Amino acid sequence: MKYNFLEIEKKWQKYWRDNKTFQVSISEKPKYYVLDMFPYPSGAGLHVGHPLGYIASDIFSRYKRHKGFNVLHPQGYDSFGLPAEQYAIKTGQHPKKTTQENIDMYRRQLDRIGFSFDWSREIRTSEPNYYKWTQWIFTLMFNSFYCKIENKAKHISELINSFEKDGDNVYKNELENLDYSFTNEEWKNFNDKIKSDILMNFRLAYITDGEVNWCDELGTVLANDEIINGVSERGGYPVTKRKVKHWCLRISKYSDRLLEDLNKIDWPEPLKEMQRNWIGKSKGVSLKFEVENSDKKIEVFTTRPDTIFGVSFLTVAPEYRDLYDISSSKNRKEIEDYLKEVSVKSERDRLSDVKSVSGVFTGSYAIHPFSGKKIPIWISDYVLVSYGTGAVMGVPAGDQRDFDFAKKFKLDIPNIFDQIDISKSAFSDKTGFKLMNSEFLNGYDYETSLEIIISRIEDKKIGKSKIQYKLRDAIFSRQRYWGEPIPIYYKNDIPKNIDAIHLPLKLPEVDNFLPTKNGDSPLGNSNEWAWDEKNKKVTLNSKIDNVNVFPIELNTMPGWAGSSWYFYRYMDSKNDKKFISDETQSYWSDVDVYFGGSEHATGHLLYSRFYQKFLFDLNFLQKDEYAKRLVNQGMILGNSAFIYRKSGTSEYFSKNLINNIEFDRIRIDIKYVNTENEVDIDRLKKEDKEFNNASFHFDNEKFECIREQEKMSKSKFNVVNPDEICDQYGADTLRMYEMFLGPIEQSKPWDTRGISGVYSFLKRFWSLFFEDDKLTLTEDIPSEESLKSLHKTIKKITEDIEKLSLNTCISSFMICVNELSALKCNNRIILEQLLVLISPFAPHFAEELWSQIGNKKSIIDEKYPEFDKKYLIESEKNYPVSFNGKTKFTINLSLELDVNEIEKIVLSNEKTISILNNVKPKKVIVVPGKIINIVL
RNA sequence: GCUCGAGUGGUGGAAUUGGUAGACACGUUGGACUUAAAAUCCAAUGAGCAGUAAUGUUCGUGCGGGUUCAAGUCCCGCCUCGAGUACCA
């Protein structure tokens with residue numbers, strides 16, 4: 001019988017569907033949760049790079065199931081957010097429609113590959129019965145504050161109680177942005193608006209009015225991790241600073257826990273490192289400088305208080321809060337000019353402008369706390385408002401930026417480092433110096449001076465040790481249509497949340513869902529977007545004059561709101577009473593292995609950890625980390641084709657090829673290029689419009705086609721569609737080939753030519769079962785050799801799957817089948833076990849043969865074979881005999897021999913004698929079971 | 001700039017953690033089958049040198065040193081590429 005993969009795959013996919021094979025529920029068995037990062041259905045469809053992680057996780061899930069675990073392996077769609085909406089806008093359709101279409105396409109493509117997903121648990125973040133809970137979590141955050149004393153989130157009512165009882169006594173330290181203090185009596189007398197404003201400083205979801213990253217093209221605000229190199233991650237559009245009222249999540253309160261708990265989880269070290277850098281903890285000192293002729297003080301944050309005597313100026317950020325209080329009115333004009341100049345700069349300008357130094361003198365001076373000297377105060381945009389205190393002390397001798405600044409504006413550069421030349425650049429090392437010109441710190445090194453200065457600063461009560469984080473609060477508002485509405489309404493300007501029982505607050509239908517350049521949210525286009533507080537429902541805007549009807553927040557949530565907690569919903573996706581029942585949570589607990597790309601390191605993977613800890617604090621979750629182990633799959637790179645001008649050719653590419661012009665090469669679709677890198681010019685010119693109009697003549701003499709490896713993408717004309725591979729070779733071959741390509745976490749190029757190796761392997765395996773097209777198995781006791789081959793393979797496969805080294809698994813299968821083919825093995829015992837072994841990798845293939853050899857039940861729950869040591873015991877070893885470490889020949893010896901016996905045999909060996917040629921060896925090293933080395 | 005990660009045949013990649021470098025594949029070459037092609041099967045395949053040949057021999061894991069009986073693997077110093085980050089005081 002022939003290996004007819006198309007028929008087989010269809011048959012078994014239907015069988016699994018009909019028998020609900022992959023539907024799981026709570027059982028007596030131990031659980032195992034294998035999770036993939038769910039896709040956002042983008043419209044371009046899948047290419048062979050997408051399923052890489054899914055295949056690995058599927059193999060692992062099926063393997064764990066064979067091992068006796070009750071495996072939860074769900075899948076869903078991250079269907080809200082920018083990608084889905086951008087696609088809808090591009091194609092001029094409603095996002096609801098395109099999302100549904102894209103999901104259908106994804107599903108069709110995924111189904112062909114034979115995944116063992118439990119689709120009965122499917123979730124979509126854009127479905128009301130899902131986002132109901134996303135909104136619910138938001139209201140929890142709105143109604144919570146972070147208690148520093150207990151180091152956890154608590155309900156806001158506790159804070160209010162404390163204010164009513166003790167004023168701000170207990171939580172005074174947390175009122176960082178508030179200038180005034182209040183007693184319990186004063187609190188009670190505050191009006192609602194003031195109370196609300198004060199509480200906003202505490203709420204974990206809060207509204208604020210600060211500057212945000214604004215993207216004109218996308219018509220929305222973006223979070224820091226959505227900006228790459230000063231442009232938007234989606235689409236690469238410019239980003240500017242803009243003052244917008246927006247919601248934020250106070251993730252910064254969790255900085256330390258997010259950092260510390262990285263030690264608890266088995267995630268890839270590079271990824272943890274990225275999170276550590278993003279959180280950016282640094283220890284230092286905050287220090288107050290008096291300002292001459294002013295009540296205001298300037299507080300700076302520094303990690304180098306030891307260089308305090310090197311301070312020759314202070315610099316504050318252009319957005320510094322007390323800017324006008326600390327600057328001289330004489331300099332007003334220059335300052336305002338400078339502020340204007342800075343504000344027009346986009347994020348990208350600022351980045352590309354890092355080298356150039358700009359700033360303006362405030363006209364006033366601060367007083368050095370130890371030397372008493374007058375220090376000029378400057379304004380410069382190299383200082384960031386959002387980090388530290390928004391002000392820095394300028395130490396040109398010890399910091400390159402301060403050095404450059406001082407040079408540019410001709411400020412003092414006092415040297416405080418003995419014997420060190422700072423005429424060309426600053427000296428920023430923490431070792432290898434002794435201080436000078438530093439009064440009581442003279443002669444000390446970094447460590448010692450640090451200790452002295454900190455105690456001096458604390459004695460003088462002008463500052464204290466401080467830990468500073470780079471991690472900022474997460475901007476939560478999007479001025480977009482396709483996202484979860486934020487369940488907040490404004491009662492007399494005071495934000496109130498819609499209670500959980502009235503959720504979901506459903507996304508309204510609007511005629512125009514396009515984003516606007518002025519930042520108005522498309523939800524404003526709805527004429528039914530007001531909250532009737534009395535009847536607890538959404539009503540017409542026209543009723544807002546009514547005392548009980550109030551406007552609803554127009555912004556929607558960012559894409560990561562829905563993806564920050566979705567892995568819990570899978571456990572109990574149908575539950576409409578709770579986001580997840582205690583019972584299901586107790587059983588499924590957490591994710592055992594999470595597969596996904598490292599590009600989410602500082603986005604999704606950080607936000608979801610924050611959500612986890614928050615919900616843990618409020619006792620909704622039982623663990624404070626959700627994924628024990630994480631595997632980053634690498635990318636599969638596509639072959640892009642470029643036409644280059646050969647050197648010496650004076651001919652240029654035609655100007656008509658505008659869209660494809662990149663320097664002196666042209667990108668073309670890889671389908672026009674054959675394996676010899678020859679371009680099919682005729683077809684290219686016929687099918688490609690741009691080439692059709694081009695005056696460019698391809699000529700092998702003047703141009704050449706070169707392949708380059710890049711990320712697969714439709715726009716790069718280098719995608720390979722998994723459907724085509726399934727048509728031609730079958731899903732099992734695709735699955736195995738993707739794994740065979742290389743280590744899962746590595747990026748590796750796709751080469752369709754290589755697939756034939758895996759395909760013919762499966763065919764060879766298949767043919768072990770047949771003779772002259774008829775199933776022919778013997779029931780005899782298997783031969784020693786075949787048993788050895790099998791058990792060697794079982795051992796290797798089991799070890800490698802656990803390590804997720806799946807590429808070497810495929811090699812082992814090939815070796816085994818090669819060996820069995822050579823042995824002409826058609827033994828049932830051997831082949832049956834081998835089928836179970838390979839079933840996670842090539843499930844359709846294994847099911848088919850399993851049933852053909854007479855099994856009635858699916859192979860899916862068959863016990864995974866275990867190796868028996870007795871078949872692996874070697875009695876002999878082919879020892880390499882090396883001379884000075886270089887192997888000259890091998891000798892087959894019994895493993896029972898001891899060192900002396902081996903040495904004797906080797907030395908009397910005729911080859912040894914001839915190589916030694918009467919020279920007496922200096923030393924003979926024998927490592928039993930490994931090697932023999934003769935030292936001359 | 002800083003922080004990670006990686007450099008092994010023509011290509012993708014193996015290497016029990018210090019013990020026969022190049023497993024397993026692709027590709028290439030030769031052969032078998034075939035009128036022919038496809039498919040399949042067999043053989044060779046790191047480079048160089050010597051030999052008709054079996055074989056022998058030298059060099060070989062980015063570069064330069066070191067430790068060791070033995071280094072792709074460990075240590076020191078460089079180079080190149082990739083990823084992340086970017087005025088974080």
Side-chain angles (χ1 to χ4, degrees), chain A residues 224-225 228-230 268-278 280-282 284 300-304 307 315 317 350-351 353-357 380-384 386-395 398-402 404-405 428 468-472 598-599 601-602 632 634-635 675 737 740-743 745-758 760-761 763-764 767 795-796 799 805 807-816 818 821 877-890 921-927 929-936:
Chain A
N224 285 334
D225 70 280
I228 311 284
N229 293 328
E269 208 44 53
L271 188 136
K272 289 193 192 178
E273 200 56 36
M274 276 161 71
Q275 291 207 348
R276 286 189 192 108
N277 290 339
W278 190 261
K281 180 177 183 170
S282 54
V300 300
F301 173 74
T302 178
T303 53
R304 294 294 303 276
T307 63
T315 317
R350 267 175 95 151
L351 281 175
D353 226 20
V354 168
K355 294 284 171 298
S356 78
V357 182
S380 173
D381 68 348
Y382 85 82
V383 181
L384 308 171
S386 47
Y387 182 78
T389 58
V392 298
M393 59 183 215
V395 185
D399 184 289
Q400 193 56 42
R401 290 158 305 174
D402 296 345
D404 295 340
F405 193 81
S428 54
Q468 186 68 46
Y469 298 92
K470 278 199 256 182
L471 184 66
R472 322 273 164 89
S598 59
E599 67 271 21
T602 52
N632 284 135
M635 248 183 327
T675 49
Y737 184 55
F740 187 55
L741 241 30
E745 66 281 359
Q746 221 170 76
S747 285
K748 55 240 156 194
W750 177 267
D751 180 4
T752 302
R753 280 178 301 179
I755 205 163
S756 64
V758 172
S760 59
F761 153 76
K763 283 194 287 190
R764 236 175 305 137
S767 64
K795 181 168 188 284
K796 176 84 174 136
E799 286 168 359
S805 169
N807 55 327
T808 51
C809 285
I810 313 291
S811 304
S812 308
F813 280 125
M814 288 173 168
I815 294 168
C816 183
N818 289 346
S821 297
K877 158 88 188 172
N878 201 20
Y879 279 98
V881 182
S882 50
F883 292 77
N884 286 341
K886 283 190 176 123
T887 308
K888 295 288 177 183
F889 63 93
T890 60
K922 279 194 193 127
K923 206 170 169 187
V924 177
I925 288 157
V926 175
V927 185
K930 290 212 163 147
I931 199 171
I932 297 157
N933 191 17
I934 296 168
V935 187
L936 299 175

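Numbers restart at 1 for each chain; the letters A, B, ... are given by sequence-line order, proteins then strands. As the structure is a prediction and not an experimental result, all values here were calculated from the model.
- Here the side chain of A:Thr315 pairs no donor or acceptor atom with the backbone of A:Val392 at under 3.5 angstrom.
- Relative ring orientation between A:Phe301 and A:Tyr387 is described as perpendicular, the plane-to-plane angle rising above 60° on a 0-90° scale split at 30° and 60°.
- Qualifying salt bridge (charged side-chain N to carboxylate O under 4.0 Å, His left out) partners for A:Lys272, counting only residues two or more places apart in sequence or in other chains: none.
- Helical stems involving RNA chain B, defined as 3 or more consecutive Watson-Crick or G-U pairs under 3.5 Å, span B:1-7 with B:79-85, B:10-12 with B:24-26, B:27-32 with B:40-45, B:46-50 with B:55-59, B:62-66 with B:74-78.
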Under 3.5 Å, which N/O atoms of the protein pair with N/O atoms of nucleotides 19-22 of chain B?
{"unit_1": "B:U20", "atom_1": "O4", "unit_2": "A:Asn878", "atom_2": "O", "d": "3.3"}

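- Taking syn as a glycosidic angle within 90° of 0, B:G9 qualifies as syn.
- Relative to the side chain of A:Pro743, the nucleotides B:C69, B:A14, B:A89 differ in distance, and B:A14 lies closest.
- Side-chain atoms of A:Ser882 do not come within 3.5 Å of backbone N or O of A:Ile934 as any donor-acceptor pair.
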Quick test: give all pairs of protein nitrogen or oxygen and nucleotides 3-12 of chain B nitrogen or oxygen below 3.5 Å, distance rounded to 0.1 Å.
{"unit_1": "B:G12", "atom_1": "O2'", "unit_2": "A:Leu741", "atom_2": "O", "d": "2.7"}

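- No side-chain donor-acceptor contact under 3.5 Å links A:Ser428 and A:Asp399.
- Comparing the C1' positions of B:G27 and B:G9 gives a spacing of 12 Å, expressed to the nearest Å.
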### Task
For side-chain contact (heavy atoms from CB on, under 4.5 Å), just list the numbers for A:Tyr737 and A:Asp751, CA-CA rounded to whole Å, side-chain angles, deciding distance to a tenth of an Å, and then say yes or no.
CA-CA 10 Å; A:Tyr737 184 55; A:Asp751 180 4; 4.2 Å; yes
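- Below 30°, between 30° and 60°, or above 60°: for A:Phe761 and A:Phe813 the angle between ring planes is between 30° and 60°, a tilted geometry.
- When the salt bridge (charged side-chain N to carboxylate O under 4.0 Å, His left out) test is applied to A:Lys748, no partner is found at least two apart in sequence or on another chain.
- For the 3.5 Å distance criterion, the side chains of A:Arg764 and A:Ser821 fail to qualify, holding no donor opposite an acceptor.
- The glycosidic torsion of B:U28 lies more than 90° away from 0, placing the base in the anti range.
- Residue contacts shown for A:Lys763 are limited to sugar-phosphate atoms, with no base heavy atom under 4.0 Å away.
- Nucleotides B:U20 and B:A70 are separated by 15 Å at their P atoms, to the nearest Å.
- Contact check, A:Arg764 against B:C41: a side-chain N or O comes under 4.0 Å of OP1 or OP2.
- Annotation: ring pair (Phe, Tyr, Trp, His ring centres under 6.0 Å) contacts of A:Phe405 (sequence neighbours excluded): A:Phe313, A:Trp378, A:Tyr382, A:Phe409.
- Distance alone, capped at 3.5 Å, places no donor-acceptor pair between the A:Tyr879 side chain and the A:Lys930 backbone.
- Of the candidate nucleotides B:A39, B:A89, B:A23, B:A23 has the atom nearest to the side chain of A:Ser811.
- Of the residues near RNA chain B, A:Tyr737 and A:Trp278, the one whose nearest nucleotide (by heavy atom distance) lies more toward the 5' end is A:Tyr737.
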